[in-house]
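In listed order, ligands and their atoms are each counted from 1. Computed from a prediction, not measured in an experiment: that's the story for all the values here.
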Amino acid sequence: MKVLVTGGAGFIGSHVAEAAVDAGHRVMVVDDLSTGSTDNVPLQADFHPVDIRNREALRELVLHFEPDAISHHAAQASVSRSVREPRLDADVNVLGSVNVLEVALECGSRLIFASTGGALYGEVEEGEAAGEDRPPQPLSPYACSKASFELYLRAFGASSGLRATVLRYANVYGPRQDSQGESGVVAIFLDRLLQGAPIQVNAREDVGDPGCVRDYVYVRDAVRANLAAFDGALDGRTVNIATGVGTSTRALAEELVKLVDEPAIVTDGPHREGDLKRSVLDPAVMVSILGEPTPLRRGLVATTEWFRSQVGAS
Ligand code: NAD
């Protein structure tokens, strides 16, 4: 099979590209390297430094390759940047994605879209987990752009027979996640803990606040979903990629401090403006198709090992 991974030099996309290579597929990666790195791209993949907003360059490449499946991960992936630069966010995540959609239609490729469950559903009440049928409540430009491209896929699925899958990722963590960004708290905490630097939980312990609650899903589970989608097992489906387990930032920090097993300083900070208090997704559909997600502790152990292996590596 021939697979195109957009954003394949980034965190999740590079894992998808690597797994596709391992599965024996021919892999092309398109990425403008705005946040990704060629270090992440598997050597066996054919890499092209192209911006998905460059319609003609993208079209020429993809028509030549004629992929059976396109795993679309290229995006402006930062919620806070989308608030600062909503036009840029819409430009990449809507118009760039429409370019990808057009070439998928032209080539008759399956299209797998990396959407967000973490941002799309808005606040999820204590005791609840958002299922795929919960109406989207986008509270950021990023969530708006992801939700709107989901609508394009639905419209083209109905009118043009596009075979599309929407994967709504919760908070994905794992090896290669960028630790220098504003999100990706597992990577940020691990990077700092391994350097002996303090980590900050944006909550006040003195009033018993554990911080934001998130559904942390291991990158391997996102990869498994992509591989299943390449084979058509998820055609026409929208699937949460999640664990259904809520973990507070403080509980995550405590777990990582234990795993790193070095002296650590954990400070309190102010709640970050615009952060959802609680986001937990229902993984029942995913579990019925792909089996159980990776338990948090197991994923964190593997991620810690990887970050440890990087200390002083570059
Ligand atoms: P990432 O920033 O590591 O990966 C995005 C990749 O897209 C980068 O390599 C970047 O260089 C590339 N890119 C950005 N703009 C581009 C453009 N105009 N043309 C070509 N390439 C471009 O982020 P990630 O965490 O790996 O996220 C991958 C996808 O998954 C994104 O679509 C993101 O919105 C989605 N997602 C991620 C999470 C998460 O927890 N990390 C959660 C939900 C959804």
Ring centroid separation Tyr169 to His73 under 6.0 Å:
yes
Result for side-chain contact (heavy atoms from CB on, under 4.5 Å) between Ile241 and one of Val285, Leu167, Val172 points to Leu167
Please work out whether the ring planes of Phe149 and Phe113 are parallel, tilted or perpendicular, with thresholds of 30° and 60°.
perpendicular
Quick one: does Gly96 get a heavy atom under 4.0 Å from ligand 1?
no
Subset of ligand 1 atoms that lie under 4.0 Å from at least one heavy atom of Ser115
43 (C), 44 (C)
Given the options Thr165, Asp231, Asp68, Asp235, Arg110 meets side-chain hydrogen bond (donor to acceptor under 3.5 Å, both in side chains) only with Asp235
Heavy-atom contact check, 4.0 Å cutoff: does Ser183 meet ligand 1?
no
Among non-hydrogen protein atoms, atom 17 (C) of ligand 1 lies closest to Asp32 OD2, 3.3 Å
Closer than 3.5 angstrom, by distance alone: can the side chain of Glu132 be matched with the main-chain N or O of Asn240 as a donor-acceptor pair?
yes
Interfacing atoms of ligand 1 (cut-off 4.0 Å, heavy-atom, Asn171)
40 (O)
To check you understand the geometry: which heavy-atom pair defines the closest contact between Arg53 and Leu88, and what is its length?
NH1-CD1, 3.7 Å
If you compare Gln177, His48, His73 by their heavy atoms, the one closest to atom 28 (C) of ligand 1 turns out to be His73
Looking at Val92, which atoms of ligand 1 are within less than 4.0 Å of one of its heavy atoms?
15 (N), 18 (N)
Here the atoms of ligand 1 under 4.0 Å from any heavy atom belonging to Gly36 are 8 (C), 9 (O), 10 (C), 11 (O)
If you draw a 6.0 Å radius around CG in Leu151, do more than 12 non-hydrogen atoms from other residues or ligands fall strictly inside?
yes
Can you name the atoms of ligand 1, numbered from 1 with element, that are less than 4.0 Å from a heavy atom of Ala170?
40 (O), 42 (C), 43 (C)
For ligand 1, which atoms have a heavy atom of Val50 less than 4.0 angstrom away?
19 (N), 20 (C)
What atoms in ligand 1 come closer than 4.0 Å to a heavy atom of Leu33?
11 (O)
Among protein heavy atoms, which sits nearest to atom 15 (N) of ligand 1, and what does the distance come to when rounded to 0.1 Å?
Ser34 OG, 3.5 Å
Any idea which atoms of ligand 1 are less than 4.0 Å away from a heavy-atom of Ala77?
23 (O), 33 (C), 34 (O)
For atom 34 (O) of ligand 1, grab the closest protein heavy atom and report residue, atom and distance to one decimal in Å.
Tyr142 OH, 2.6 Å
Filtering Lys146, Arg176, Arg214 for the heavy atom nearest atom 32 (O) of ligand 1 leaves Lys146
Contact between Gly118 and ligand 1, counting heavy atoms under 4.0 Å?
no
I'd like to know whether CZ of Arg237 has more than 12 heavy-atom contacts from other residues, nucleotides or ligands below 6.0 angstrom.
no
Asp89 and Arg81: CA distance, side-chain angles, deciding distance, salt bridge (Lys or Arg N to Asp or Glu O under 4.0 Å) verdict:
CA-CA 8 Å; Asp89 181 84; Arg81 188 168 186 200; over 6 Å; no
Look at the rings of Phe11 and His15 and say which category their plane angle falls in: under 30° parallel, 30 to 60° tilted, over 60° perpendicular.
perpendicular
Here's a test for you: under side-chain contact (heavy atoms from CB on, under 4.5 Å), which of Leu190, Leu252, Val186 qualifies with Tyr173?
Val186
Minimum non-hydrogen distance to atom 37 (C) of ligand 1, winning option of Val172, Ile12, Thr6
Ile12
